[in-house]
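In this chain, residues are counted from 1 in sequence order.
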Amino acid sequence: MAEQTALTDRRTDGGGRPDAAVVRDALGVGIAVGLSGFAFGVTSAGSGLSVWQTCALSLLVFTGASQFALVGALAAGGSPLTAAAGAFFLGVRNAFYGLRLSQSLSLPRAVRPFAAQWVIDETAAVSLAQPGRRAARLGFAVTGLTLYVLWNLTTLLGALGAEAIGDTDAWGLDAAGPAVFLALLAPMLRTTAERAVAGLAVLLGLGLLPVLPAGVPVLMAALAAPAVLYVEGRRRSHAEGRRGSDRDGRSDGTRQSDRTRPEDQSRSDDQPRSAGPAGQNDRAGQAGRVDTEEERR
């Protein structure tokens, strides 16, 4: 039995990560982020929503940022329509996650509608961090199941015990989700362009937070990607232009050198050869032979 367990733990996907490591990471993310459901339950109950309305949001919507944006707008006195619109636009990012995950997971068509409910930040981060399809599917399933169950359970507990828990800021539960997501995102920022996108997105999000409604700064932060890509494209085009100019300059110099070489050769052929000691001896010998012939005559 121990040998079978060891073999199961060592199972990998084409030389990728062991299943046990994938499950351990997925459980860590699911548990850490799932605990922040307490904060949502308390915040939702404090904004005026009932317990069953709070639980319905977690069961049906199941995207923490959109849920917090909705109840935050309601708590700030916004209209339900405005709050719902902000939460909707904030959740649009999950559609882009789905496009990427559909390629890496390649789930059967019958399973995709159910798996779509679990397409969120954490499941996308864990899945895309895996080296193979088997590990990506395992990470997606374990993270989604753990987070869905724990998120809804802690939402219920938070809504029921809102008065006993009090201020969520004192517990720090609202920071658990963003902290875990940043921990997953940081190792994936390998290039300078990726780090620039992340840094500019943080600046846009934090800078626009005091002046824009809840949820809108996150959408504006998405503009960091096309801005950095545009600058990177311009930089590469200028670099390629300089390299092309250098190649043209070198080729022009080569052609000019090729044109001058025949002229130099012709000039060297037209010039008389230098008369060294050997040439002088030859001329002296020829003059001596002429004098001898004249004496014989």
Under 3.5 Å: donor-acceptor pair, side chain of [X], backbone of [Y]:
X: T191; Y: E194; result: yes
X: Q117; Y: P113; result: no
X: R133; Y: S106; result: no

Over all heavy atoms of both residues, which pair between [X] and [Y] is shortest? Give the atoms and the distance, please.
X: A45; Y: A159; value: CB-O, 4.1 Å
X: T154; Y: G37; value: OG1-CA, 3.2 Å
X: A221; Y: A201; value: CB-O, 3.4 Å
X: V22; Y: A135; value: CG1-O, 3.6 Å
X: G30; Y: L150; value: O-CD2, 3.9 Å
X: A193; Y: V228; value: O-CG1, 3.8 Å

Interatomic distance, [X] atom [atom1] to [Y] atom [atom2] [nearest 0.5 angstrom]:
X: L70; Y: T43; atom1: CG; atom2: OG1; value: 11.5 Å
X: Q67; Y: T54; atom1: CD; atom2: OG1; value: 9.5 Å
X: T63; Y: Y97; atom1: OG1; atom2: OH; value: 8.5 Å
X: L160; Y: C55; atom1: CG; atom2: SG; value: 7.0 Å
X: L99; Y: N94; atom1: CG; atom2: CG; value: 11.0 Å
X: L138; Y: S127; atom1: CG; atom2: OG; value: 9.5 Å

Does [X] share a hydrophobic cluster with [Y], counting links as ILVMFWY side-chain heavy atoms below 4.5 Å and allowing steps through other members?
X: V119; Y: L59; answer: yes
X: L147; Y: V149; answer: yes
X: V197; Y: L223; answer: no

Using the side chain to side chain contact (heavy atoms under 4.5 Å, CB included) definition, which of the options L128, V29, V142, T143 pairs with T123?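 Of L128, V29, V142, T143, side chain to side chain contact (heavy atoms under 4.5 Å, CB included) with T123 is met by T143 alone.
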
Tell me, please, which residues at least two apart from R236 pass salt bridge (charged side-chain N to carboxylate O under 4.0 Å, His left out).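 Listed in chain order: E232.
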
For R137, all residues meeting salt bridge (charged side-chain N to carboxylate O under 4.0 Å, His left out), sequence neighbours excluded: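 Listed in chain order: nothing, the list is empty.
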
Output, in order, the C-alpha distance, side-chain angles, deciding distance and verdict of side chain to side chain contact (heavy atoms under 4.5 Å, CB included) for F38 and T155. CA-CA 5 Å; F38 280 111; T155 297; over 6 Å; no

Is a side-chain donor-acceptor pair under 3.5 Å present for W151 with S58?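 A pair is found: one side chain offers a donor N or O, the other an acceptor, under 3.5 Å apart.
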
Check against side chain to side chain contact (heavy atoms under 4.5 Å, CB included), F40 and V71: CA-CA 8 Å; F40 171 72; V71 298; 3.7 Å; yes

Kindly state each residue pair satisfying salt bridge (charged side-chain N to carboxylate O under 4.0 Å, His left out) with at least one member in residues 41-66, sequence neighbours excluded.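 For residues 41-66, and leaving out neighbouring residues, there are no salt bridge (charged side-chain N to carboxylate O under 4.0 Å, His left out) pairs at all.
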
